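Since the structure comes first, as structure tokens, the remarks are kept for the end.
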Amino acid sequence: MAEKLKSYKTNSLKVYVKTFGCQMNVNDSEYIVGQLEQLGYSRTRDIFKSDLILLNTCCVRENVEQKIYSLISKIKKIKENTPSIILGICGCMAQKEKENIFKKAPYVDLIFNPSQINNLEEIINITKYGNKKYIFCENSTKFILKHIPVIRESKISAWIQIMRGCNNYCSYCVVPYTRGPEQSRGVSEILAEAENLAQENYKEIFLLGQNVNSYGKNLPESVTFSKLLTLLNNINGIERIRFMTSHPKDFNFDLIKVVKNGDKVCEHIHLPIQSGSNKILKIMNREYNVNQYKSIIKEIRSNINNISITTDVMVGFPGETEEDFQQTLNTFEEIKFDDAYTFIYSNRENTIASLMPNQVPLQVKKERLRRLINLQKEISTKINKKLEGEVLEVLVDKKSLKNIPNQLSGRTRTNKTVVFIGEQELVGKLVEVKIIKSDTWTLYGELVK
Ligand code: SAH
Ligand code: SF4
Ligand code: F3S
């Protein structure tokens with residue numbers, strides 16, 4: 001095997017990978033690239049220099065799917081000029097669309113779904129030496145990533161998938177269909193991965209799952225998400241633990257204790273609310289109401305000082321009236337999230353919501369989105385303003401993108417971006433920064449010596 005890998009390596013083939021969608025997809029691409037490197041490919045950012053093009057796709061909203069189809073059609077020219085290039089479509093849209101992709105773009109060679117991300121050697125070898133089109137979209141029954149090579153984009157913060165799939169079937173959402181049923185990864189596999197990361201000097205781990213609060217449900221061992229966090233909190237070297245996403249319906253108050261007492265578990269909870277109207281939450285099949293949501297927030301805030309809470313929210317769900325939307329605005333006024341990912345509801349084929357009456361016109365959705373974003377901006381700006389003068393712990397993750405010499409950027413424990421001047425050597429370190437200025441999205445500060 002080693003011989004085989006070595007001979008592949010001398011081929012120095014190039015792969016171009018473009019990732020759409022959520023952090024889960026970003027991490028999937030890191031596994032894809034890791035395996036491809038072992039197969040002799042190195043990553044290129046120049047699509048015209050590639051031997052293999054992989055688009056790791058998302059289809060949670062229609063606009064991203066359209067964008068991907070339009071990119072696929074642009075790649076047609078590249079394929080016509082160099083037919084030997086392999087064009088592969090993977091990720092959630094691959095699972096949703098399957099052979100439809102071949103129908104729309106017959107020059108695509110390969111389609112594989114997210115549960116095949118640990119199977120790249122077989123997939124690439126079959127495609128490379130075969131002469132037909134391939135679809136690998138079976139859902140594997142076990143979620144194992146142990147021993148799968150991975151090339152991570154960051155050397156400081158690492159994603160760890162603790163579960164995949166989803167069983168919740170919110171009426172608007174494609175994820176249960178694209179990622180399959182919920183599966184948790186075994187505790188020992190996750191702990192081993194975190195320990196390796198600590199040895200490689202990673203400072204932060206970011207646990208990923210569609211609904212981390214239901215972690216462990218399908219495992220033979222008896223373990224909860226809070227227990228997993230407690231175990232991870234004991235790993236030497238890791239300084240920070242983050243996680244996403246918590247579903248309010250499975251929120252367990254034990255988690256509050258772990259965030260409060262686990263010194264590494266960061267004071268940030270992302271808890272998607274989706275709507276402030278009980279009527280809409282019910283037809284979304286979210287299985288909580290606004291009062292239940294608010295009592296979780298109250299409990300979190302009364303136990304953990306300075307916790308930041310962020311959310312996801314949608315406007316223009318079918319049947320959402322101006323009054324329902326007003327309830328979302330009122331709920332936002334009352335809760336005061338640190339930040340919110342705001343979305344226009346997008347109709348996804350074959351979901352229950354797509355069949356519902358009273359779809360909201362696009363103009364109305366856009367107008368509601370604008371009002372909600374304006375409100376959230378005001379709230380985020382005020383919350384950040386209050387941090388001026390405070391000294392906060394910052395994990396420096398990169399040179400700031402703006403072209404100012406020695407400008408660094410990092411994150412507070414509450415996941416706020418802080419920009420300040422400092423030496424390059426501080427990247428990867430924890431430092432103290434005094435906040436001098438703030439705006440809606442960013443804090444600006446000075447390094448405390
Ligand atoms: N598992 C997470 C969400 C994953 S999808 C949870 O349940 O909270 C990320 C976000 O995309 C969702 O929170 C939702 O706000 C948004 N989303 C999902 N489907 C959508 C759709 N059809 N239209 C618009 N936004 C959608
Ligand atoms: Fe989609 Fe709901 Fe599952 Fe989140 S919990 S992934 S919104 S079905
Ligand atoms: Fe993520 Fe998009 Fe799939 S949000 S789970 S890549 S549909």
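Values below: every heavy atom of this structure, side chains too, minus hydrogens, waters and symmetry copies. As the structure is a prediction and not an experimental result, all values here were calculated from the model. Numbering of residues begins at 1 and proceeds along the displayed sequence.
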CG (N63) with more than 12 external heavy atoms under 6.0 Å: yes
Is a side-chain donor or acceptor of S295 paired with a backbone partner of Q292 at a separation under 3.5 angstrom? yes
Main-chain N/O of T57 paired to N25 side chain as donor or acceptor, under 3.5 Å: yes
Is the F206 ring parallel, tilted or perpendicular to the W159 ring (thresholds 30°, 60°)? tilted
Are any of the side-chain heavy atoms of H247 and R286 separated by less than 4.5 Å? yes
Side-chain donor or acceptor of S346 paired with backbone N/O of R61 under 3.5 Å: no
Should we count NZ of K67 as having more than 12 external heavy atoms under 6.0 Å? no
Assess, by modelled atom type and distance only, whether the side chains of D28 and N56 contain a donor and an acceptor separated by less than 3.5 Å. no
Compute both the distance and the angle, then confirm whether K104 meets the cation-pi test with Y69: under 6.0 Å from the six-membered ring centre, within 45 degrees of the axis. yes
Can you tell me if K279 has over 12 outside heavy atoms packed within less than 6.0 Å of its NZ? yes
Please confirm whether the ring centroid of Y177 lies under 6.0 Å from the ring centroid of Y169. yes
If I compare all heavy atoms of Y293 with all of T311, which pair ends up nearest, and what's the gap? OH-OG1, 3.6 Å
With K79 as the cation and Y107 as the aromatic partner, state whether NZ or CZ is under 6.0 Å from the six-membered ring centre and within 45° of the axis. no
Do the side chain of S171 and the main chain of I283 share a donor and acceptor less than 3.5 angstrom apart? yes
May I ask you to test the E62-R348 pair for a side-chain heavy-atom distance under 4.5 Å? yes
Geometric cation-pi criterion K18 and F20, 6.0 Å radius, 45° cone: yes
Applying side-chain contact (heavy atoms from CB on, under 4.5 Å), run through M163 and K217 and close with a yes or a no. CA-CA 10 Å; M163 49 202 306; K217 278 190 184 160; over 6 Å; no
Taking atom CD1 as the centre, does I352 end up with more than 12 heavy-atom neighbours from other residues, nucleotides or ligands that are less than 6.0 angstrom away? no
Rounded distance [0.5 Å steps], CZ in R152 versus CD in E30: 6.0 Å
Assess whether atom CZ of F48 is packed by more than 12 heavy atoms of other residues, nucleotides or ligands within 6.0 Å. no
Derivation and outcome, side-chain contact (heavy atoms from CB on, under 4.5 Å), residues R411 and H268: CA-CA 12 Å; R411 302 235 153 207; H268 170 220; over 6 Å; no
To the nearest 0.5 angstrom, please state how far the CG atom of L54 sits from the CZ atom of F112. 5.0 Å
Minimum side-chain heavy-atom gap I335-K294 below 4.5 Å: yes
Ring center gap for Y288 and F251 short of 6.0 angstrom: no
